[in-house]
Amino acid sequence: MKTTVSIIKADVGGWPGHALVHPELKNIANKKLTKAKRDKLLIDFHVTHCGDDLELIMTHRKGTNSKKIHGLAWDTFCEATNKARQLGLYGAGQDLLCDSFSGNIRGMGPGIAEMEFTERKAEPVITFMMDKTEPGAFNFPIYKIFADPFNTAGLIIDPSIHDGFVFEVWDIQKHTNVFLNTPEETYDLLALIGAKSRFVIKRVFPKKSSKLPADEPVAVISTEKLYHIAGEYVGKDDPVAIVRAQSGLPAVGEVLEPFSIGHLVSGWMRGSHNGPLMPVSVNDAQCTRFDGPPRVISLGFQLKDGKLTQPVDLFNDPAFDITRRNAQRVTEYMRKHGPFEPHRLPMEDMEYTTLPKVMKKLGSRFKKVE
Ligand code: 13P
Ligand code: 13P
Ligand code: MG
Ligand code: MG
């Protein structure tokens, strides 16, 4: 019997501003999901936060896009929003774009990463949750995990992954997708996913030559673009991802390794700045300096018959101190640029801000230069 792992997340109110999730919101989520586990809708769950995003990690047998599971997440976010309103938290209900649930939470504001698969004898599941950035922030690390032999030694030395993987890439503006094989189509893949605000990796699959079923994903990333859903800026769509590891897949250490770079991502203050992605422990997952810098947390589980072990807080490791120090240095350097690109995002990503208004206001004062 297959197991489904779903992460559904939303910002339903920040404390203060966009810094952190208030513990009372996590209490509500824990109560709701405990009841759902008692009622056998969920097999297991873990509630956490990254910055101001409330994260529901759930396991169940209902498959992806289940009305019941999405409805449970929606109800949880609505209850938490009510509490956020009572407490006067900032931007209460920020990511709930619709008034009522229509059967599938996709397109309603929250972010979703979920996958259904046949459990192996021992199934390491690595979850990632980011704040103050966008889904394209996962392009770089997911590429490195599954396609870069300088990151993943197994691509060279483990016969079970030597053939490579298949990447499903979405064009989030045109709402189309394409499947690309690595290593054969590496350069085509990179040509797309380097443009991370438009092309995002949605899933990774094993190849047909793998021992793992080729139609069961081994990684999945949330790709909701709130901008495109709502037609206006309503906060960056802070993304989440699930990656399976070991035995025919990259090892846990290979899955974590790309995060040692602190690569540049878009988001940060007012969703309008480039900055380094800093890997942190859950305790440090609060966005303070200039509402950031953008952060990623990772919780690792072993999965057995749908049950999750206690999570391991994977970036709570001094081995990532050097990354954090570098990210702080880059933060210091980028911040000195103030409103100048490339710290501030380029024009096309600034449409929701005052820039179009400034252009309009100055309209007739622009004269033709001979
Ligand atoms: P205010 O609307 O409170 O100025 O906040 C702006 C902001 O935080 C953008 O999300
Ligand atoms: P969030 O997308 O995390 O709510 O942050 C919005 C923001 O404007 C931070 O400055
Ligand atoms: Mg927020
Ligand atoms: Mg957020």
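Because the structure is predicted, anything quoted here is derived from the model rather than measured. Note that ligands are numbered from 1 as they come in the structure, with each ligand's atoms numbered from 1 the same way.
In terms of modelled atom types and a separation under 3.5 Å, the side chain of K196 and the main chain of V265 share no donor-acceptor contact. H162 contributes a side-chain N or O that, together with a main-chain N or O of L155, makes up a donor-acceptor pair within less than 3.5 Å. With D11 contributing its side chain and Q94 its backbone, the two residues share no donor-acceptor pair below 3.5 Å.
Only one option out of V204, V220, V252, I142 pairs with V243 in a side-chain contact (heavy atoms from CB on, under 4.5 Å); it is I142.
For ligand 2, the atoms sitting less than 4.0 Å from at least one non-hydrogen atom of H18 are 1 (P), 4 (O), 5 (O), 6 (C), 7 (C), 8 (O), 9 (C), numbered in the order shown with element in parentheses. Below 4.0 Å from some heavy atom of W268 lie the following atoms of ligand 2, by number and element: 9 (C), 10 (O). Taking every non-hydrogen atom of K132 and a distance limit under 4.0 Å, the qualifying atoms of ligand 2 come out as 1 (P), 3 (O), 5 (O), 9 (C). Within ligand 2, counting atoms from 1 as listed, the ones closer than 4.0 Å to a heavy atom of R270 are 7 (C), 8 (O), 9 (C), 10 (O). Those atoms of ligand 2 that come under 4.0 Å of a heavy atom in D11, given as number and element, are 4 (O).
Side-chain contact between F146 and I201: absent, with no pair of heavy atoms (C-beta onward) separated by less than 4.5 Å. Between I28 and N82 the shortest side-chain heavy-atom distance does not fall below 4.5 Å.
In this structure, F290 has no heavy atom closer than 4.0 Å to ligand 2.
Using a 4.0 Å cut-off between charged side-chain N and carboxylate O, K208 and D163 make no salt bridge.
At the Mg ion (ligand 4), the vertex angle linking OD2 of D53 with OD1 of D131 is 70° (nearest 10 degrees).
The name of the N, O or S atom in D238 nearest to the Mg ion (ligand 4) is OD2. D52 contributes OD1 as its N, O or S atom closest to the Mg ion (ligand 4). The N, O or S atom of H18 with the smallest distance to the Mg ion (ligand 3) is ND1.
Coordination check, D11 versus the Mg ion (ligand 4): failed, since every N/O/S atom of the residue sits at 2.8 Å or beyond.
Looking at ligand 2, you won't find any N or O of D53 less than 3.5 Å from one of its N or O atoms.
Taking the ring centroids of H273 and W268, they lie at or beyond the 6.0 Å cut-off.
By heavy-atom distance, the residue among D237, D291, D238 lying nearest atom 10 (O) of ligand 2 is D291.
For M269, heavy-atom contacts with ligand 2 shorter than 4.0 Å involve the backbone as well as the side chain.
Side chains of R61 and T3: a donor-acceptor N/O pair is present below 3.5 angstrom, by distance only.
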